[in-house]
There are 2 protein chains.
Amino acid sequence: MHYQLKPPVKKWSKTIASPCAACVVREKVFCTVLSDPELQEMAQFTVNVSMPAKQTILNEGDTSALLYNVTDGVLKIFKQLPDGRQQITGFLYPGDFLGIAKSKHYAYSAESITDVRLCRFKNAELENMFKKIPKLETWMLDTASNELIQSQDQLLLLGRKTAVERLCSFLLSISTRASLLGAKANNIHLPMGRESIADYLGLTTETISRTFSKLKKSNVIKSTGKGNIEIANMQAIRNLAIGS
Amino acid sequence: MHYQLKPPVKKWSKTIASPCAACVVREKVFCTVLSDPELQEMAQFTVNVSMPAKQTILNEGDTSALLYNVTDGVLKIFKQLPDGRQQITGFLYPGDFLGIAKSKHYAYSAESITDVRLCRFKNAELENMFKKIPKLETWMLDTASNELIQSQDQLLLLGRKTAVERLCSFLLSISTRASLLGAKANNIHLPMGRESIADYLGLTTETISRTFSKLKKSNVIKSTGKGNIEIANMQAIRNLAIGS
DNA sequence: CGAATGATTGACGAATATCAAGCTGCGTGG
DNA sequence: CCACGCAGCTTGATATTCGTCAATCATTCG
(Lines give C-alpha, C1' and ligand atoms only; values in the text may rest on other atoms or scores of the structure.)
Protein backbone atom coordinates (compact mmCIF):
# COMPACT_ATOMS: atom_id res chain seq x y z
CA MET A 1 0.00 0.00 0.00
CA HIS A 2 1.29 3.39 -0.96
CA TYR A 3 0.83 6.41 1.22
CA GLN A 4 2.52 9.67 2.00
CA LEU A 5 2.75 11.65 5.22
CA LYS A 6 3.16 15.38 5.17
CA PRO A 7 6.68 16.31 6.34
CA PRO A 8 6.95 17.43 10.00
CA VAL A 9 6.08 21.08 10.35
CA LYS A 10 9.14 21.83 12.43
CA LYS A 11 12.60 20.36 12.72
CA TRP A 12 14.14 20.31 16.17
CA SER A 13 17.69 21.53 16.45
CA LYS A 14 20.51 19.58 18.10
CA THR A 15 20.69 22.12 20.92
CA ILE A 16 17.22 21.09 22.16
CA ALA A 17 17.51 18.08 24.37
CA SER A 18 14.09 16.60 23.68
CA PRO A 19 11.97 16.14 20.59
CA CYS A 20 8.96 17.14 22.73
CA ALA A 21 10.33 20.66 23.02
CA ALA A 22 9.69 21.10 19.32
CA CYS A 23 6.43 19.15 19.22
CA VAL A 24 3.92 20.79 16.90
CA VAL A 25 0.99 20.05 19.19
CA ARG A 26 2.81 20.68 22.44
CA GLU A 27 0.58 23.54 23.57
CA LYS A 28 -2.57 21.50 22.86
CA VAL A 29 -1.73 18.35 24.81
CA PHE A 30 -0.98 17.83 28.49
CA CYS A 31 2.69 18.57 27.78
CA THR A 32 1.71 22.22 27.81
CA VAL A 33 1.72 22.17 31.62
CA LEU A 34 5.17 20.56 31.84
CA SER A 35 8.37 22.44 32.58
CA ASP A 36 11.43 21.82 30.41
CA PRO A 37 12.94 19.23 32.77
CA GLU A 38 9.57 17.50 33.13
CA LEU A 39 9.19 17.49 29.39
CA GLN A 40 12.58 15.92 29.06
CA GLU A 41 11.54 13.18 31.46
CA MET A 42 8.34 12.63 29.54
CA ALA A 43 10.29 12.43 26.30
CA GLN A 44 12.05 9.29 27.50
CA PHE A 45 8.75 7.50 27.61
CA THR A 46 7.35 8.53 24.27
CA VAL A 47 7.65 6.96 20.86
CA ASN A 48 6.52 8.56 17.63
CA VAL A 49 4.42 6.33 15.42
CA SER A 50 3.20 6.80 11.86
CA MET A 51 0.32 4.92 10.30
CA PRO A 52 -1.35 4.94 6.91
CA ALA A 53 -5.07 5.63 6.50
CA LYS A 54 -7.62 2.94 7.39
CA GLN A 55 -5.46 1.16 9.93
CA THR A 56 -6.75 -0.15 13.23
CA ILE A 57 -4.96 1.64 16.04
CA LEU A 58 -6.65 0.02 19.01
CA ASN A 59 -9.54 -2.31 19.77
CA GLU A 60 -12.39 -1.91 22.22
CA GLY A 61 -11.92 -4.20 25.20
CA ASP A 62 -8.16 -4.64 24.85
CA THR A 63 -6.00 -3.84 27.84
CA SER A 64 -5.20 -0.15 27.65
CA ALA A 65 -1.45 -0.44 28.15
CA LEU A 66 -0.64 2.17 25.51
CA LEU A 67 -2.03 5.68 25.17
CA TYR A 68 -1.50 8.29 22.48
CA ASN A 69 -1.55 11.92 21.59
CA VAL A 70 -2.49 12.60 17.99
CA THR A 71 0.18 14.77 16.38
CA ASP A 72 -0.92 14.68 12.74
CA GLY A 73 -3.88 13.43 10.73
CA VAL A 74 -7.43 12.45 11.65
CA LEU A 75 -8.82 9.28 13.15
CA LYS A 76 -12.16 7.95 14.32
CA ILE A 77 -13.07 6.26 17.59
CA PHE A 78 -16.10 4.00 17.53
CA LYS A 79 -18.10 1.22 19.12
CA GLN A 80 -19.71 -1.71 17.35
CA LEU A 81 -22.61 -4.09 17.84
CA PRO A 82 -22.25 -7.83 17.15
CA ASP A 83 -24.00 -7.50 13.76
CA GLY A 84 -21.59 -4.81 12.61
CA ARG A 85 -23.61 -1.66 13.26
CA GLN A 86 -21.12 1.05 14.09
CA GLN A 87 -21.35 4.25 16.10
CA ILE A 88 -18.49 6.70 15.77
CA THR A 89 -18.17 8.50 19.09
CA GLY A 90 -15.59 11.01 17.96
CA PHE A 91 -13.15 12.22 15.33
CA LEU A 92 -9.72 12.96 16.76
CA TYR A 93 -7.49 15.70 15.37
CA PRO A 94 -3.92 16.76 16.17
CA GLY A 95 -3.69 17.61 19.85
CA ASP A 96 -6.39 15.14 20.89
CA PHE A 97 -5.82 12.43 23.45
CA LEU A 98 -6.48 8.81 22.46
CA GLY A 99 -7.35 6.18 25.03
CA ILE A 100 -9.23 7.02 28.18
CA ALA A 101 -7.14 7.78 31.23
CA LYS A 102 -7.95 5.74 34.34
CA SER A 103 -9.44 2.77 32.59
CA LYS A 104 -8.09 -0.77 32.38
CA HIS A 105 -9.54 -1.46 28.97
CA TYR A 106 -10.13 0.64 25.89
CA ALA A 107 -13.76 1.74 25.80
CA TYR A 108 -13.72 2.03 22.01
CA SER A 109 -11.85 1.04 18.89
CA ALA A 110 -9.81 3.51 16.88
CA GLU A 111 -8.94 3.60 13.19
CA SER A 112 -7.01 6.13 11.14
CA ILE A 113 -9.00 8.07 8.54
CA THR A 114 -6.05 9.84 6.97
CA ASP A 115 -2.38 8.97 7.39
CA VAL A 116 -1.65 9.78 11.02
CA ARG A 117 1.24 10.45 13.35
CA LEU A 118 0.91 9.59 17.01
CA CYS A 119 2.93 10.14 20.16
CA ARG A 120 2.73 6.89 22.09
CA PHE A 121 3.47 6.20 25.77
CA LYS A 122 2.69 3.62 28.40
CA ASN A 123 -0.36 4.07 30.57
CA ALA A 124 1.70 3.11 33.62
CA GLU A 125 4.20 5.86 32.92
CA LEU A 126 1.48 8.44 32.60
CA GLU A 127 0.14 7.29 35.97
CA ASN A 128 3.60 7.83 37.45
CA MET A 129 3.74 11.31 35.99
CA PHE A 130 0.32 12.02 37.49
CA LYS A 131 1.74 11.25 40.92
CA LYS A 132 4.75 13.45 40.44
CA ILE A 133 3.03 16.32 38.71
CA PRO A 134 -0.47 17.15 39.96
CA LYS A 135 -0.89 19.76 37.24
CA LEU A 136 -1.06 16.90 34.77
CA GLU A 137 -4.10 15.50 36.46
CA THR A 138 -5.71 18.91 36.60
CA TRP A 139 -5.20 19.29 32.87
CA MET A 140 -6.60 15.82 32.27
CA LEU A 141 -9.68 16.53 34.37
CA ASP A 142 -10.30 19.77 32.47
CA THR A 143 -10.06 17.84 29.24
CA ALA A 144 -12.35 15.06 30.44
CA SER A 145 -14.92 17.62 31.62
CA ASN A 146 -14.94 19.25 28.20
CA GLU A 147 -15.35 15.90 26.53
CA LEU A 148 -18.27 15.10 28.81
CA ILE A 149 -19.96 18.34 27.83
CA GLN A 150 -19.47 17.68 24.12
CA SER A 151 -20.64 14.15 24.60
CA GLN A 152 -23.92 15.42 26.01
CA ASP A 153 -24.46 17.66 23.02
CA GLN A 154 -24.03 14.57 20.91
CA LEU A 155 -26.61 12.69 23.00
CA LEU A 156 -29.11 15.46 22.29
CA LEU A 157 -28.23 15.26 18.61
CA LEU A 158 -28.64 11.49 18.36
CA GLY A 159 -31.70 11.28 20.56
CA ARG A 160 -33.74 14.18 19.33
CA LYS A 161 -32.51 15.88 16.17
CA THR A 162 -33.66 15.31 12.58
CA ALA A 163 -31.28 14.46 9.74
CA VAL A 164 -30.97 18.10 8.63
CA GLU A 165 -30.39 19.27 12.19
CA ARG A 166 -27.73 16.61 12.71
CA LEU A 167 -25.79 17.44 9.59
CA CYS A 168 -25.94 21.19 10.20
CA SER A 169 -24.82 20.69 13.81
CA PHE A 170 -21.93 18.59 12.55
CA LEU A 171 -20.84 21.15 9.96
CA LEU A 172 -21.05 23.88 12.59
CA SER A 173 -18.91 21.95 15.06
CA ILE A 174 -16.27 21.37 12.38
CA SER A 175 -16.41 25.04 11.51
CA THR A 176 -16.08 26.11 15.14
CA ARG A 177 -13.16 23.79 15.70
CA ALA A 178 -11.39 25.02 12.58
CA SER A 179 -11.86 28.67 13.47
CA LEU A 180 -10.42 28.05 16.95
CA LEU A 181 -7.29 26.89 15.15
CA GLY A 182 -7.22 30.11 13.16
CA ALA A 183 -8.87 28.91 9.95
CA LYS A 184 -11.80 30.64 8.25
CA ALA A 185 -15.12 29.58 9.77
CA ASN A 186 -16.86 29.50 6.38
CA ASN A 187 -14.57 27.12 4.56
CA ILE A 188 -14.42 23.70 6.10
CA HIS A 189 -12.67 20.51 5.15
CA LEU A 190 -14.13 17.06 5.74
CA PRO A 191 -11.38 14.44 5.69
CA MET A 192 -13.85 11.63 6.39
CA GLY A 193 -16.18 9.96 3.88
CA ARG A 194 -19.97 9.88 3.83
CA GLU A 195 -20.07 6.57 5.66
CA SER A 196 -18.06 7.95 8.58
CA ILE A 197 -20.30 11.01 8.78
CA ALA A 198 -23.32 8.69 8.77
CA ASP A 199 -21.86 6.50 11.50
CA TYR A 200 -21.13 9.59 13.56
CA LEU A 201 -24.60 11.07 13.14
CA GLY A 202 -26.60 7.85 13.51
CA LEU A 203 -27.79 7.91 9.88
CA THR A 204 -26.99 6.14 6.58
CA THR A 205 -24.73 7.28 3.74
CA GLU A 206 -27.77 7.75 1.52
CA THR A 207 -29.45 10.07 4.01
CA ILE A 208 -26.23 12.06 4.41
CA SER A 209 -25.95 12.37 0.66
CA ARG A 210 -29.57 13.45 0.23
CA THR A 211 -29.27 15.94 3.07
CA PHE A 212 -26.12 17.46 1.58
CA SER A 213 -27.97 17.81 -1.73
CA LYS A 214 -30.88 19.49 0.02
CA LEU A 215 -28.58 21.99 1.75
CA LYS A 216 -26.83 22.75 -1.52
CA LYS A 217 -30.08 23.25 -3.38
CA SER A 218 -31.26 25.71 -0.74
CA ASN A 219 -27.94 27.59 -0.99
CA VAL A 220 -26.93 27.05 2.63
CA ILE A 221 -23.69 25.36 1.61
CA LYS A 222 -21.59 24.99 -1.56
CA SER A 223 -19.16 22.34 -2.68
CA THR A 224 -15.68 23.70 -3.26
CA GLY A 225 -13.85 20.56 -4.33
CA LYS A 226 -13.39 17.12 -2.83
CA GLY A 227 -14.17 17.18 0.86
CA ASN A 228 -14.38 20.96 0.95
CA ILE A 229 -17.53 22.83 1.84
CA GLU A 230 -18.28 26.49 1.97
CA ILE A 231 -20.94 27.60 4.41
CA ALA A 232 -22.77 30.18 2.31
CA ASN A 233 -25.33 31.16 4.94
CA MET A 234 -23.97 30.85 8.44
CA GLN A 235 -27.09 32.11 10.18
CA ALA A 236 -29.31 29.71 8.26
CA ILE A 237 -27.15 26.74 9.23
CA ARG A 238 -27.18 27.87 12.87
CA ASN A 239 -30.95 27.94 12.85
CA LEU A 240 -31.24 24.64 11.02
CA ALA A 241 -28.94 23.01 13.58
CA ILE A 242 -31.35 23.59 16.44
CA GLY A 243 -34.64 23.48 14.53
CA SER A 244 -35.62 27.10 14.92
CA MET B 1 -47.98 20.60 47.77
CA HIS B 2 -47.65 17.69 50.09
CA TYR B 3 -44.66 15.43 50.14
CA GLN B 4 -42.74 13.27 52.50
CA LEU B 5 -39.06 12.46 52.68
CA LYS B 6 -37.87 9.23 54.14
CA PRO B 7 -36.20 9.89 57.49
CA PRO B 8 -32.40 10.04 57.45
CA VAL B 9 -30.96 6.56 57.65
CA LYS B 10 -28.54 7.47 60.38
CA LYS B 11 -28.44 10.05 63.12
CA TRP B 12 -25.09 11.52 63.98
CA SER B 13 -24.19 11.66 67.62
CA LYS B 14 -22.89 14.73 69.43
CA THR B 15 -19.48 13.16 69.77
CA ILE B 16 -18.98 13.23 66.00
CA ALA B 17 -17.71 16.62 64.99
CA SER B 18 -19.15 16.68 61.51
CA PRO B 19 -22.39 15.53 59.92
CA CYS B 20 -20.30 14.27 56.97
CA ALA B 21 -18.84 11.57 59.21
CA ALA B 22 -22.25 9.95 59.34
CA CYS B 23 -23.20 10.68 55.72
CA VAL B 24 -25.05 7.75 54.20
CA VAL B 25 -23.35 8.13 50.83
CA ARG B 26 -19.94 9.02 52.18
CA GLU B 27 -18.17 6.06 50.68
CA LYS B 28 -19.70 6.72 47.25
CA VAL B 29 -18.77 10.39 46.84
CA PHE B 30 -15.40 12.12 46.78
CA CYS B 31 -15.56 12.41 50.58
CA THR B 32 -14.45 8.80 50.64
CA VAL B 33 -10.86 9.87 50.02
CA LEU B 34 -10.89 12.50 52.78
CA SER B 35 -9.34 11.99 56.19
CA ASP B 36 -11.36 12.92 59.27
CA PRO B 37 -9.83 16.39 59.61
CA GLU B 38 -10.28 17.01 55.89
CA LEU B 39 -13.86 15.86 56.14
CA GLN B 40 -14.40 18.27 58.97
CA GLU B 41 -13.07 21.09 56.84
CA MET B 42 -15.31 20.06 53.98
CA ALA B 43 -18.29 19.94 56.32
CA GLN B 44 -18.02 23.68 56.93
CA PHE B 45 -18.72 24.32 53.28
CA THR B 46 -21.67 22.02 52.82
CA VAL B 47 -25.38 22.59 53.24
CA ASN B 48 -28.01 19.89 53.19
CA VAL B 49 -30.97 20.63 50.95
CA SER B 50 -34.29 18.84 50.52
CA MET B 51 -36.58 19.22 47.53
CA PRO B 52 -39.91 17.71 46.53
CA ALA B 53 -40.36 15.82 43.26
CA LYS B 54 -40.57 17.72 39.96
CA GLN B 55 -38.56 20.73 41.10
CA THR B 56 -35.96 22.42 38.94
CA ILE B 57 -32.57 22.13 40.65
CA LEU B 58 -30.41 23.90 38.11
CA ASN B 59 -30.65 25.32 34.61
CA GLU B 60 -28.43 24.73 31.60
CA GLY B 61 -26.30 27.77 30.91
CA ASP B 62 -26.48 29.26 34.39
CA THR B 63 -23.23 30.06 36.16
CA SER B 64 -22.17 26.91 37.97
CA ALA B 65 -21.49 28.47 41.36
CA LEU B 66 -23.11 25.62 43.27
CA LEU B 67 -22.44 21.91 42.99
CA TYR B 68 -24.12 18.97 44.67
CA ASN B 69 -23.83 15.40 45.78
CA VAL B 70 -27.08 13.48 45.68
CA THR B 71 -27.73 11.90 49.08
CA ASP B 72 -31.28 10.63 48.63
CA GLY B 73 -33.80 10.30 45.82
CA VAL B 74 -33.52 10.33 42.03
CA LEU B 75 -33.21 13.21 39.59
CA LYS B 76 -32.77 13.68 35.87
CA ILE B 77 -30.28 15.84 34.00
CA PHE B 78 -31.28 16.91 30.52
CA LYS B 79 -30.80 19.24 27.58
CA GLN B 80 -33.52 20.90 25.55
CA LEU B 81 -34.04 22.28 22.04
CA PRO B 82 -35.85 25.59 21.47
CA ASP B 83 -39.09 23.82 20.48
CA GLY B 84 -39.13 21.81 23.71
CA ARG B 85 -37.71 18.50 22.57
CA GLN B 86 -35.85 17.06 25.52
CA GLN B 87 -32.95 14.64 25.85
CA ILE B 88 -32.26 13.23 29.29
CA THR B 89 -28.52 12.61 29.53
CA GLY B 90 -28.63 10.84 32.85
CA PHE B 91 -30.54 9.77 35.94
CA LEU B 92 -28.69 10.57 39.15
CA TYR B 93 -28.97 8.38 42.24
CA PRO B 94 -27.62 8.75 45.79
CA GLY B 95 -23.85 9.07 45.61
CA ASP B 96 -23.85 10.76 42.19
CA PHE B 97 -22.23 14.10 41.56
CA LEU B 98 -24.36 16.92 40.11
CA GLY B 99 -22.83 19.75 38.12
CA ILE B 100 -19.72 19.29 36.04
CA ALA B 101 -16.42 20.08 37.70
CA LYS B 102 -14.20 22.52 35.86
CA SER B 103 -16.90 24.27 33.93
CA LYS B 104 -18.10 27.87 34.25
CA HIS B 105 -21.67 27.08 33.28
CA TYR B 106 -23.97 24.14 33.81
CA ALA B 107 -23.99 21.98 30.70
CA TYR B 108 -27.47 20.69 31.47
CA SER B 109 -30.61 21.31 33.49
CA ALA B 110 -31.57 19.15 36.44
CA GLU B 111 -34.97 18.32 37.92
CA SER B 112 -35.97 16.06 40.79
CA ILE B 113 -37.98 12.96 39.87
CA THR B 114 -38.67 11.83 43.44
CA ASP B 115 -38.27 13.87 46.58
CA VAL B 116 -34.52 14.38 46.90
CA ARG B 117 -31.87 15.32 49.40
CA LEU B 118 -28.71 17.03 48.24
CA CYS B 119 -25.41 18.02 49.77
CA ARG B 120 -24.60 21.46 48.36
CA PHE B 121 -21.30 23.31 48.26
CA LYS B 122 -19.66 26.16 46.36
CA ASN B 123 -17.70 25.37 43.23
CA ALA B 124 -14.97 27.74 44.40
CA GLU B 125 -14.57 25.84 47.64
CA LEU B 126 -14.26 22.55 45.82
CA GLU B 127 -11.53 24.11 43.68
CA ASN B 128 -9.69 25.10 46.85
CA MET B 129 -9.98 21.60 48.20
CA PHE B 130 -8.60 20.30 44.88
CA LYS B 131 -5.48 22.39 45.43
CA LYS B 132 -5.00 21.19 48.99
CA ILE B 133 -5.86 17.54 48.43
CA PRO B 134 -4.67 16.06 45.13
CA LYS B 135 -6.47 12.80 45.92
CA LEU B 136 -9.72 14.66 45.38
CA GLU B 137 -8.79 15.46 41.83
CA THR B 138 -7.73 11.87 41.24
CA TRP B 139 -11.09 10.68 42.45
CA MET B 140 -12.86 13.21 40.27
CA LEU B 141 -10.88 12.18 37.19
CA ASP B 142 -11.72 8.54 37.82
CA THR B 143 -15.37 9.48 38.05
CA ALA B 144 -15.28 11.61 34.92
CA SER B 145 -13.55 8.81 33.01
CA ASN B 146 -16.27 6.38 34.00
CA GLU B 147 -18.95 8.83 32.97
CA LEU B 148 -17.27 9.27 29.61
CA ILE B 149 -17.30 5.53 29.07
CA GLN B 150 -20.98 5.26 29.97
CA SER B 151 -21.74 8.22 27.80
CA GLN B 152 -20.24 6.42 24.82
CA ASP B 153 -22.40 3.39 25.45
CA GLN B 154 -25.36 5.75 25.34
CA LEU B 155 -24.15 7.22 22.03
CA LEU B 156 -24.15 3.72 20.56
CA LEU B 157 -27.63 3.15 21.95
CA LEU B 158 -29.09 6.39 20.56
CA GLY B 159 -27.31 6.24 17.24
CA ARG B 160 -27.71 2.61 16.32
CA LYS B 161 -30.07 0.58 18.49
CA THR B 162 -33.73 -0.27 17.86
CA ALA B 163 -36.51 0.47 20.35
CA VAL B 164 -36.37 -3.05 21.85
CA GLU B 165 -32.59 -2.95 22.12
CA ARG B 166 -32.75 0.46 23.80
CA LEU B 167 -35.29 -0.53 26.40
CA CYS B 168 -33.54 -3.81 27.21
CA SER B 169 -30.19 -2.01 27.51
CA PHE B 170 -31.83 0.45 29.87
CA LEU B 171 -33.39 -2.24 32.06
CA LEU B 172 -30.06 -4.05 32.17
CA SER B 173 -28.18 -0.96 33.23
CA ILE B 174 -30.68 -0.34 36.03
CA SER B 175 -30.37 -3.96 37.06
CA THR B 176 -26.57 -3.81 37.06
CA ARG B 177 -26.57 -0.63 39.08
CA ALA B 178 -28.99 -2.06 41.62
CA SER B 179 -27.02 -5.27 42.05
CA LEU B 180 -23.83 -3.28 42.65
CA LEU B 181 -25.66 -1.75 45.59
CA GLY B 182 -26.53 -5.19 46.87
CA ALA B 183 -30.07 -5.53 45.52
CA LYS B 184 -31.35 -8.46 43.52
CA ALA B 185 -30.49 -8.15 39.84
CA ASN B 186 -33.86 -9.55 38.73
CA ASN B 187 -36.16 -7.19 40.54
CA ILE B 188 -35.77 -3.62 39.49
CA HIS B 189 -37.54 -0.43 40.40
CA LEU B 190 -38.18 2.40 37.96
CA PRO B 191 -38.84 5.63 39.85
CA MET B 192 -39.24 7.61 36.63
CA GLY B 193 -42.31 7.70 34.37
CA ARG B 194 -42.66 6.55 30.77
CA GLU B 195 -41.99 10.03 29.46
CA SER B 196 -38.64 10.22 31.24
CA ILE B 197 -37.65 6.81 29.92
CA ALA B 198 -38.64 7.96 26.44
CA ASP B 199 -36.63 11.17 26.75
CA TYR B 200 -33.64 9.16 27.95
CA LEU B 201 -33.84 6.60 25.13
CA GLY B 202 -34.66 8.99 22.30
CA LEU B 203 -38.15 7.56 21.79
CA THR B 204 -41.77 8.51 22.61
CA THR B 205 -43.92 7.41 25.54
CA GLU B 206 -46.11 5.42 23.18
CA THR B 207 -43.16 3.45 21.81
CA ILE B 208 -41.91 2.78 25.35
CA SER B 209 -45.34 1.54 26.33
CA ARG B 210 -45.69 -0.70 23.29
CA THR B 211 -42.20 -2.11 23.79
CA PHE B 212 -42.90 -2.89 27.44
CA SER B 213 -46.06 -4.70 26.33
CA LYS B 214 -44.09 -6.67 23.77
CA LEU B 215 -41.49 -7.73 26.36
CA LYS B 216 -44.22 -8.76 28.77
CA LYS B 217 -46.07 -10.77 26.16
CA SER B 218 -42.87 -12.64 25.28
CA ASN B 219 -42.26 -13.37 28.98
CA VAL B 220 -38.94 -11.56 29.18
CA ILE B 221 -40.19 -9.29 31.93
CA LYS B 222 -43.14 -9.16 34.35
CA SER B 223 -44.87 -6.30 36.09
CA THR B 224 -44.71 -6.61 39.87
CA GLY B 225 -46.56 -3.49 40.93
CA LYS B 226 -46.22 0.18 40.13
CA GLY B 227 -42.77 0.93 38.79
CA ASN B 228 -41.50 -2.52 39.62
CA ILE B 229 -40.31 -4.98 37.03
CA GLU B 230 -39.08 -8.50 37.30
CA ILE B 231 -36.62 -9.66 34.69
CA ALA B 232 -37.92 -13.15 34.02
CA ASN B 233 -35.33 -14.13 31.44
CA MET B 234 -32.00 -12.45 32.05
CA GLN B 235 -30.19 -14.07 29.16
CA ALA B 236 -32.93 -13.13 26.72
CA ILE B 237 -32.80 -9.51 27.77
CA ARG B 238 -29.00 -9.52 27.45
CA ASN B 239 -29.28 -10.79 23.90
CA LEU B 240 -32.08 -8.40 23.03
CA ALA B 241 -29.99 -5.49 24.31
CA ILE B 242 -27.29 -5.99 21.69
CA GLY B 243 -29.37 -7.43 18.88
CA SER B 244 -27.94 -10.92 18.88
C1' DC C 1 -8.32 3.06 -20.29
C1' DG C 2 -10.75 0.29 -17.06
C1' DA C 3 -11.67 -1.36 -12.56
C1' DA C 4 -12.72 -0.18 -8.04
C1' DT C 5 -14.40 2.71 -4.61
C1' DG C 6 -17.32 6.18 -3.08
C1' DA C 7 -21.24 9.46 -3.96
C1' DT C 8 -25.73 10.37 -5.71
C1' DT C 9 -30.47 9.53 -6.90
C1' DG C 10 -34.80 6.91 -7.20
C1' DA C 11 -38.39 3.60 -5.73
C1' DC C 12 -40.10 1.31 -2.07
C1' DG C 13 -40.56 -0.45 2.73
C1' DA C 14 -40.18 -0.52 7.71
C1' DA C 15 -39.73 1.49 12.15
C1' DT C 16 -41.21 4.83 14.88
C1' DA C 17 -43.88 9.26 15.51
C1' DT C 18 -48.22 11.42 15.70
C1' DC C 19 -52.96 11.78 16.63
C1' DA C 20 -56.76 10.05 19.06
C1' DA C 21 -59.40 7.30 22.12
C1' DG C 22 -59.92 4.66 26.18
C1' DC C 23 -58.08 2.68 30.44
C1' DT C 24 -56.05 2.49 35.21
C1' DG C 25 -54.84 3.85 39.55
C1' DC C 26 -54.60 7.07 42.98
C1' DG C 27 -55.54 11.11 45.69
C1' DT C 28 -59.17 14.17 46.98
C1' DG C 29 -63.26 15.59 48.72
C1' DG C 30 -67.97 14.86 49.63
C1' DC D 1 -66.05 4.89 52.29
C1' DC D 2 -67.15 5.72 47.77
C1' DA D 3 -67.22 8.56 43.61
C1' DC D 4 -65.01 11.73 40.98
C1' DG D 5 -61.29 13.68 38.45
C1' DC D 6 -56.81 13.87 36.90
C1' DA D 7 -52.48 12.27 35.35
C1' DG D 8 -50.15 8.77 33.42
C1' DC D 9 -50.34 4.55 30.79
C1' DT D 10 -51.99 1.66 27.03
C1' DT D 11 -53.73 0.62 22.55
C1' DG D 12 -55.24 1.58 17.83
C1' DA D 13 -55.13 4.00 13.27
C1' DT D 14 -52.51 6.68 10.34
C1' DA D 15 -48.51 9.61 8.88
C1' DT D 16 -43.74 10.57 8.30
C1' DT D 17 -39.00 10.07 8.30
C1' DC D 18 -35.43 7.55 7.37
C1' DG D 19 -33.59 2.94 5.92
C1' DT D 20 -33.06 -0.53 2.28
C1' DC D 21 -32.27 -2.04 -2.22
C1' DA D 22 -30.79 -0.97 -6.66
C1' DA D 23 -29.06 1.61 -10.53
C1' DT D 24 -26.21 5.24 -12.20
C1' DC D 25 -22.59 8.55 -11.90
C1' DA D 26 -17.98 10.44 -10.52
C1' DT D 27 -13.28 10.07 -9.21
C1' DT D 28 -9.13 7.96 -8.42
C1' DC D 29 -5.49 5.04 -9.36
C1' DG D 30 -3.12 1.48 -11.33
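All values below come from the heavy atoms of this structure, side chains included, with hydrogens, waters and symmetry mates left out.
Atom pair B/D199:CG and D/dG8:P shows a separation of 13 Å (rounding to whole Å applied). Spacing between atom CD1 of B/I197 and atom P of D/dG8 amounts to 13 Å, rounded to whole angstrom units. Taking atom CZ on A/F212 and atom C1' on C/dT9, their separation rounds to 16 Å, with Å as the unit. What separates CG of B/L215 from P of D/dT10 is a distance of 12 Å, to the nearest Å. Residue A/L190 contributes atom CG, which lies 11 Å from atom P of C/dA7 at whole-angstrom precision. When rounded to the nearest whole Å, the span between NZ of B/K216 and P of D/dC9 equals 11 Å. When rounded to the nearest whole Å, the span between CZ of A/R85 and C1' of C/dA15 equals 13 Å.
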Assess whether side-chain hydrogen bond (donor to acceptor under 3.5 Å, both in side chains) is satisfied between A/K161 and A/S169, documenting all intermediate values. CA-CA 9 Å; A/K161 289 189 180 180; A/S169 298; 2.9 Å; yes
List the steps and the verdict of side chain to side chain contact (heavy atoms under 4.5 Å, CB included) for B/S175 and B/M234. CA-CA 10 Å; B/S175 162; B/M234 187 60 86; 3.9 Å; yes
Which is it for B/D62 and B/N59 under the side chain to side chain contact (heavy atoms under 4.5 Å, CB included) test, yes or no, and what are the steps along the way? CA-CA 6 Å; B/D62 284 0; B/N59 278 302; 3.4 Å; yes
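Applying side chain to side chain contact (heavy atoms under 4.5 Å, CB included) to B/L58 and the options B/L98, B/L75, B/L66 leaves one that passes, B/L98.
For B/S213, the side-chain atoms get nearest to D/dT11 when compared with the rest of D/dG8, C/dT8, D/dT11.
A heavy atom closer than 4.0 Å to some atom of DNA chain C occurs in no member of residues 218-228 of chain A.
Ion pairing of A/E165 with B/R85 is present here, as a side-chain N (NZ or NE/NH1/NH2) and a carboxylate O approach within less than 4.0 Å.
Scored by the ring-ring contact (aromatic ring centres under 6.0 Å, His included) test, B/F30 finds B/F121, B/W139 as partners (sequence neighbours excluded).
A donor-acceptor pair is defined here as one N or O able to donate and one able to accept, closer than 3.5 Å; no such pair exists between the side chain of A/K79 and the backbone of A/S109.
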Please tabulate, one pair per line, each protein N/O and nucleotide N/O from nucleotides 18-20 of chain D that are separated by under 3.5 Å, including the distance.
{"from": "D/dC18", "atom 1": "OP1", "to": "A/A163", "atom 2": "N", "distance (Å)": "2.9"}
{"from": "D/dG19", "atom 1": "OP2", "to": "A/T204", "atom 2": "N", "distance (Å)": "3.4"}
{"from": "D/dG19", "atom 1": "OP2", "to": "A/T204", "atom 2": "OG1", "distance (Å)": "3.2"}
{"from": "D/dG19", "atom 1": "OP2", "to": "A/T207", "atom 2": "OG1", "distance (Å)": "2.4"}
{"from": "D/dT20", "atom 1": "O4", "to": "A/R210", "atom 2": "NH2", "distance (Å)": "2.7"}

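The shortest side-chain heavy-atom distance between B/Q152 and A/E60 does not fall under the 4.5 Å cut-off.
Aromatic ring centres of A/F78 and A/Y108 lie farther apart than the 6.0 Å criterion allows.
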